[in-house]
Amino acid sequence: HCENLTTVDLGRVGSIGKYTFLHCSKLESVTVGPELFFIGWNAFKGCERIRDVYISDMTKWCLVEVEGLESSPVIYAENLYLNGSLVENLVIPKGITKVVSGFAGLPCIKTVMFADTVTDISAAFQGCPNLTTAVIPASVKNLSNHSFYECPNLKTIYYQGTQAQWEAIDPWKENDSYYRPANAVVICNEQKYKEVHDALDSYDIKVFAGMQSVCDLVTGDNIDIVL
């Protein structure tokens, strides 16, 4: 209970023990370095004034083991900075295989693209209110039903595999539909993300309303959708 602590620089810290900053109610800024590998149970619980989290290595940040959702400083934060730059269009680096935590609840993130080495996505983006687009590679074999839970502005999930591959990992089937992103459309076989994204900007996303997946999207002078 460090009631007057407003900033903390953990640049050379490798492990943060449980309850370390529990209810530090005035804490606003947290800086962590590339040596961090573990955040203990409820380490930042109750630090509701945290606004900014600063990191210097995205790969190392993705590898940090976090014990529980409220243990990470980002759960309360508004902004995540990578080497001083605000993270809005997040790219999960190549070499990362599991995305478990590190981004849940962050308002700053608008898009996320996963490297084709990623095989598991947990609830790392739960509660990201401004996330609009996610690009998921065919390498993903396990996708948590909480992956994008409470992401109300998520409109498009580009899946870079076939419809059959998507159906094999789709976590929002039948009894898990409660956690499905309510406004999101899934587009399979997407190989030209930037071209399609630009093309869809001129279309009303409502044309896809009610569809659970849209496959074999082909772009050219016209947009053809084969269901």
Side-chain angles (χ1 to χ4, degrees), residues 62-63 66 69 89-106 109-220 222-227:
C62 289
L63 293 172
V66 182
L69 192 62
N89 301 305
L90 172 63
V91 177
I92 301 300
K94 201 171 185 65
I96 295 298
T97 58
K98 296 182 179 181
V99 185
V100 179
S101 60
F103 310 99
L106 279 171
I109 296 179
K110 298 178 180 178
T111 67
V112 57
M113 178 180 288
F114 299 87
D116 60 8
T117 55
V118 174
T119 59
D120 296 77
I121 303 174
S122 188
F125 297 91
Q126 178 177 328
C128 291
N130 297 315
L131 181 66
T132 63
T133 306
V135 183
I136 300 175
S139 58
V140 172
K141 305 303 179 187
N142 297 294
L143 183 64
S144 168
N145 61 356
H146 283 72
S147 299
F148 303 106
Y149 180 50
E150 295 183 330
C151 295
N153 289 304
L154 181 60
K155 296 294 189 294
T156 314
I157 298 174
Y158 292 108
Y159 178 66
Q160 298 176 314
T162 66
Q163 182 178 12
Q165 287 175 306
W166 171 254
E167 290 175 351
I169 68 167
D170 183 357
W172 304 301
K173 296 176 182 176
E174 299 176 0
N175 60 331
D176 286 332
S177 61
Y178 175 80
Y179 299 103
R180 177 186 295 275
N183 301 310
V185 123
V186 178
I187 299 177
C188 303
N189 280 332
E190 178 48 54
Q191 301 299 325
K192 297 181 179 180
Y193 162 71
K194 290 184 179 179
E195 293 180 20
V196 173
H197 187 273
D198 292 342
L200 288 180
D201 277 345
S202 63
Y203 282 75
D204 188 340
I205 196 67
K206 291 180 181 178
V207 299
F208 301 119
M211 297 181 184
Q212 294 187 2
S213 64
V214 179
C215 295
D216 297 323
L217 192 69
V218 181
T219 62
N222 298 304
I223 295 180
D224 297 318
I225 298 175
V226 182
L227 301 179

request  = Scan T133, V135, L90 and name whichever one has a side chain to side chain contact (heavy atoms under 4.5 Å, CB included) with M113.
outcome  =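 Only one option passes, and that is V135.
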Do you know the tightest heavy-atom contact between [X] and [Y]?
X: V112; Y: I92; answer: CG2-CG1, 4.2 Å
X: Q163; Y: C188; answer: CA-SG, 3.9 Å
X: F148; Y: I136; answer: CE1-CD1, 4.0 Å
X: R180; Y: W172; answer: NH2-O, 2.6 Å
X: A115; Y: P137; answer: O-CG, 3.3 Å
X: I96; Y: K98; answer: CG2-O, 3.5 Å

Applying ring-ring contact (aromatic ring centres under 6.0 Å, His included), can you list everything that pairs with F125, at least two apart in sequence or on another chain?
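F125: ring-ring contact (aromatic ring centres under 6.0 Å, His included) contacts with F103, F114.
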Query - Listed partners of K94 passing side chain to side chain donor-acceptor pair (under 3.5 Å), at least two apart - result: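 Side chain to side chain donor-acceptor pair (under 3.5 Å) check on K94 returns D116.
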Sequence neighbours excluded, which residues qualify as side chain to side chain donor-acceptor pair (under 3.5 Å) partners of N153?
->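 N153: no side chain to side chain donor-acceptor pair (under 3.5 Å) contacts found.
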Classify the ring geometry of Y179 against Y149: parallel below 30°, tilted from 30° to 60°, perpendicular beyond 60°.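 Ring orientation, 0 to 90° scale: perpendicular.
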Any donor and acceptor pair, going by atom type alone, linking the side chain of T156 with main-chain N or O of V185 inside 3.5 Å?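 Judged by distance alone, no pair lies under 3.5 Å.
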Distance check, rounded to the nearest 0.5 Å: [X] atom [atom1] versus [Y] atom [atom2]?
X: L131; Y: C151; atom1: CG; atom2: SG; answer: 5.0 Å
X: S122; Y: N145; atom1: OG; atom2: CG; answer: 9.5 Å
X: T97; Y: I121; atom1: OG1; atom2: CD1; answer: 11.5 Å
X: D170; Y: L143; atom1: CG; atom2: CG; answer: 8.0 Å
X: I169; Y: N142; atom1: CD1; atom2: CG; answer: 8.5 Å

Residues that [X] engages under side chain to side chain contact (heavy atoms under 4.5 Å, CB included), provided they are two or more places apart:
X: S101; value: V66
X: N89; value: K110, T111
X: V91; value: none
X: P129; value: P107

Salt bridge (Lys or Arg N to Asp or Glu O under 4.0 Å) pairs touching residues 129-143, sequence neighbours excluded, are none
Any non-hydrogen side-chain atom of N189 less than 4.5 Å from a side-chain atom of W166?
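Side chain of N189 against side chain of W166, heavy atoms only: no contact under 4.5 Å found.
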Quiz prompt | Heavy-atom side-chain proximity of S147 to P171 below 4.5 angstrom | solution = no
